[in-house]
Amino acid sequence: MIEFFGVSKRYPGGGTALEDVSFRIPAGQFAYLKGPSGAGKSTLLRLIFRELTPSAGRIVVNGRNVTALPDRQVPYLRRTIGIVFQDYCLIGRKTVFENVSYLPRILGMPMSERRRLARLTLGRVGLEHRLDSFPHELAGGEQQRVAIARALINEPELLVADEPTGNLDPGLSEEILRLFVEIHRRGTTILLATHDPNIVHRPGDRILVLEQGRLVRDRWLAGTDGATGTRAAGRPPAGAASVPEGT
């Protein structure tokens, strides 16, 4: 689903955002990308949906070699990825329906089908009744749920989220995280970037930690969803002992 092979990203002037990062996230996994602000989390996500290209290494997403993907193929890649941003990125002059159904409209879907699909998707996040509202009429948590619905409307194989709870209070943050858990249970692969140390993880979750552009930890919490254990920058070997989060 997502594979990084020795990926580095350097900017003109000598700044390094990522250095020799390698990992693999298989289909169906829920993974958190953690680390302090400036660690390289946003850069890593932007490389996944080809907003940026790496300075070195190779990236494969949903079976496509993103590194070598021609520009004309990038929109097709992004149709397989749902993207949720911290600042919602909703269009203020458009209704919730218009915001959520933007991609289906671009793809030429008839109005009646767009409205049906928008109702269905907003129902998944508990906001079907807000179909004709404008973003300024919504609370922060509602705006983020609209942004999540927009990311889900095309039934993406992969959902990436960049600090989706960063602008929310703790109660709303928990609500949004429960929504991501429910989305994952339906089969969507999720990579969620956060610097929030208070997030409570579930058994089976995977946690990748970036520090100063390097992947310094890659662990699975003990559970029934796959491997357990920990080791720096790599998959734990078979039979490795589990290590609780926070150690």
Side-chain angles (χ1 to χ4, degrees), residues 1-25 31-92 102-103 140 143-144 147-148 150-151 156 158-168 173 189-199 206-219 230-235:
M1 184 62 69
I2 304 174
E3 295 177 288
F4 274 50
F5 300 93
V7 172
S8 297
K9 178 61 182 177
R10 303 179 186 92
Y11 291 103
T16 299
L18 294 175
E19 185 66 40
D20 194 25
V21 173
S22 297
F23 63 90
R24 177 179 181 272
I25 296 177
Y32 289 91
L33 181 64
K34 304 194 75 172
S37 297
K41 302 186 300 297
S42 293
T43 295
L44 189 150
L45 295 186
R46 292 167 68 191
L47 287 167
I48 289 172
F49 53 85
R50 246 298 283 274
E51 184 175 319
L52 297 174
T53 55
S55 305
R58 183 163 64 97
I59 302 169
V60 178
V61 178
N62 295 341
R64 294 176 172 89
N65 184 347
V66 174
T67 316
L69 199 65
D71 288 346
R72 67 180 182 278
Q73 295 293 326
V74 171
Y76 298 99
L77 167 74
R78 291 177 181 169
R79 290 175 193 175
T80 71
I81 305 172
I83 305 167
V84 180
F85 300 98
Q86 177 179 348
D87 57 359
Y88 319 141
C89 293
L90 301 178
I91 302 172
Y102 177 79
L103 179 57
Q143 291 186 50
Q144 189 59 288
I148 293 169
R150 180 183 56 195
L158 168 66
L159 182 64
V160 297
D162 191 2
E163 301 282 1
T165 63
N167 291 330
L168 305 176
S173 295
T189 305
I190 294 178
L191 177 60
L192 191 155
T194 179
H195 68 272
D196 186 351
N198 298 315
I199 288 178
R206 183 173 176 190
I207 302 165
L208 300 97
V209 181
L210 285 174
E211 289 182 5
Q212 297 182 337
R214 292 185 176 273
L215 184 61
V216 298
R217 188 170 301 134
D218 184 351
R219 68 174 62 182
T230 183
R231 76 170 207 175
R235 186 181 179 90

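We count residues from 1, following the sequence as given.
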Does atom [atom1] ([X]) have a neighbourhood of more than 12 heavy atoms from anything else shown, all under 6.0 Å?
| X | atom1 | value |
| --- | --- | --- |
| Phe5 | CZ | yes |
| Gln73 | CD | yes |
| Glu51 | CD | yes |
| Tyr11 | OH | yes |

Where [X] and [Y] come nearest, the two heavy atoms and their spacing:
| X | Y | value |
| --- | --- | --- |
| Ser22 | Gly6 | OG-N, 2.7 Å |
| Pro156 | Ala151 | CG-O, 3.3 Å |
| Val61 | Ile81 | CG1-CD1, 3.9 Å |
| Val21 | Gly213 | CG2-O, 3.5 Å |

[atom1] of [X] to [atom2] of [Y]: how many Å apart, nearest 0.5 Å?
| X | Y | atom1 | atom2 | result |
| --- | --- | --- | --- | --- |
| Arg24 | Met1 | CZ | CE | 9.5 Å |
| Ile2 | Asn62 | CD1 | CG | 7.5 Å |
| Leu45 | Leu192 | CG | CG | 9.0 Å |
| Arg64 | Ile59 | CZ | CD1 | 14.5 Å |
| Thr43 | Asp162 | OG1 | CG | 9.5 Å |
| Ser8 | Arg214 | OG | CZ | 7.5 Å |

Next item on the list: Assign the ring pair Phe49 / Phe85 to parallel, tilted or perpendicular, where the plane angle (0 to 90°) is split at 30° and 60°.
Entry: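 Answer is perpendicular, since the angle exceeds 60°.
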Notebook entry, point to check: If we only count heavy atoms from C-beta on, is the Leu18 to Leu210 side-chain gap below 4.5 Å?
Noted result: yes
Next item on the list: Using the side-chain contact (heavy atoms from CB on, under 4.5 Å) rule, take Val209 and Arg219 through it: C-alpha gap first, then chi angles, then the decisive distance, then the call.
Entry: CA-CA 9 Å; Val209 181; Arg219 68 174 62 182; over 6 Å; no
Counting only N and O atoms by type, is there a donor-acceptor contact under 3.5 Å from the side chain of [X] to the main-chain atoms of [Y]?
| X | Y | result |
| --- | --- | --- |
| Thr16 | Arg10 | no |
| Glu163 | His195 | yes |
| Arg50 | Val66 | yes |
| Lys34 | Ala193 | no |
| Lys41 | Gly35 | yes |

Next item on the list: From the options Ile48, Val60, Asp20, Ile25, select the one residue that forms a side chain to side chain contact (heavy atoms under 4.5 Å, CB included) with Phe4.
Entry: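 The side chain to side chain contact (heavy atoms under 4.5 Å, CB included) with Phe4 is passed solely by Ile48 among Ile48, Val60, Asp20, Ile25.
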Next item on the list: I would like to know whether Ile207 and Arg217 meet side-chain contact (heavy atoms from CB on, under 4.5 Å); could you show each step before the answer?
Entry: CA-CA 8 Å; Ile207 302 165; Arg217 188 170 301 134; over 6 Å; no
Checklist line | Thr80 vs Leu158, side-chain contact (heavy atoms from CB on, under 4.5 Å): CA-CA, chis, key distance, verdict | finding: CA-CA 7 Å; Thr80 71; Leu158 168 66; over 6 Å; no
